[in-house]
K.L.:
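Sharing a structure here in structure tokens format.
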Amino acid sequence: MNDGNRQHDGSQRTGVPVPEILTTVSEEVRMLSDTASDLQDLISNLVVAGAFGGSQSLYELQSLDRLCQNLGAVADFLAGVSKNSSRDWKVDIADAAQAVKLADLSDRLTGRQADSDPSNEETGEFDDFGNWPMTG
């Protein structure tokens with residue numbers, strides 16, 4: 001969403017048009033789909049390299065493909081609903097934004113400008129996967 005969601009004093013508008021919200025959420029879901037697809041490509045390369053063994057691992061990896069397809073379909077659905085929604089329909093997104101604990105995602109969903117200093121961003125906890133065993 002753009003700065004059209006902000007009033008001149010910088011505060012969040014209380015009535016954001018539903019099509020804008022749906023378009024923004026659709027774009028976020030599309031990014032998730034793209035990220036999952038990139039992971040699928042990475043895992044496929046690991047499978048070819050022999051990092052995963054056994055047919056059960058390969059079967060379980062198919063769920064990642066299903067995840068990619070479902071995320072893409074949800075993004076398409078939201079984009080379609082957005083196109084058929086009236087700009088007169090407004091929603092107060094303040095409470096919903098407070099429920100999103102990832103600051104950068106909340107900012108994108110609400111159209112707030114991200115902090116220009118990346119060291120001040122709180123995007124969630126870091127999980128170090130370096131110590132995870134690669135077993136199948």
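The structure presented is a predicted model; accordingly, all values stated were derived computationally and were not measured.
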K.L.:
What pair of heavy atoms forms the shortest contact from Leu71 to Ser33, and how long is it?
P.N.:
CB-CB, 3.7 Å
K.L.:
Between Pro19 and Ser85, which heavy-atom pair has the shortest distance, and what is it?
P.N.:
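Looks like CG-O, 3.3 Å.
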K.L.:
Taking the side chain as every heavy atom from C-beta outward, state whether Val91 and Val16 have any pair of such atoms under 4.5 Å apart.
P.N.:
no
K.L.:
With rounding to the nearest 0.5 Å, note down the distance linking CG in Asn70 to CG in Leu32.
P.N.:
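These two atoms lie 12.5 Å from each other.
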K.L.:
Starting from the C-alpha separation in whole Å, work towards a yes-or-no answer on side chain to side chain contact (heavy atoms under 4.5 Å, CB included) for Lys101 and Ser106.
P.N.:
CA-CA 7 Å; Lys101 301 303 181 201; Ser106 178; over 6 Å; no
K.L.:
With no hydrogens and no angle check, is any side-chain donor or acceptor of Ser82 less than 3.5 Å from a backbone partner on Leu78?
P.N.:
no
K.L.:
With the side chain counted from C-beta on, respond yes when Asp76 and Arg30 share a heavy-atom pair under 4.5 Å apart, and no when they do not.
P.N.:
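A side-chain contact under 4.5 Å exists here.
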K.L.:
State, to 0.1 Å, how close Ser37 and Cys68 come at their nearest heavy-atom pair, and which atoms those are.
P.N.:
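Here Ser37 and Cys68 meet closest at N-SG, 3.3 Å.
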K.L.:
Which heavy atom in Pro17 sits nearest to a heavy atom in Lys90, and how many Å separate them?
P.N.:
CG-NZ, 3.6 Å
K.L.:
How far does OG1 of Thr110 sit from CD of Glu20, to the nearest 0.5 angstrom?
P.N.:
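Answer for the OG1-CD pair, Thr110 versus Glu20, is 12.0 Å.
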K.L.:
In chain order, what residues pass the side chain to side chain contact (heavy atoms under 4.5 Å, CB included) check against Leu105, with sequence neighbours excluded?
P.N.:
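With neighbours one apart ignored, the set is Glu28, Val100, Leu102, Arg108, Leu109.
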K.L.:
Any link between Met31 and Leu22 through a network of hydrophobic side chains (Ile, Leu, Val, Met, Phe, Trp, Tyr) touching at under 4.5 Å?
P.N.:
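No, Met31 and Leu22 fall in different hydrophobic clusters.
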K.L.:
Go through the structure and list residues passing side chain to side chain contact (heavy atoms under 4.5 Å, CB included) with Ser63, not counting sequence neighbours.
P.N.:
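If we apply the side chain to side chain contact (heavy atoms under 4.5 Å, CB included) test to Ser63, skipping adjacent residues, the hits are Arg66.
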K.L.:
Quick one: pull up CD in Gln69 and CG in Leu64 and give me the separation to the nearest 0.5 Å.
P.N.:
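Between Gln69 CD and Leu64 CG, I get 10.5 Å after rounding to 0.5 Å.
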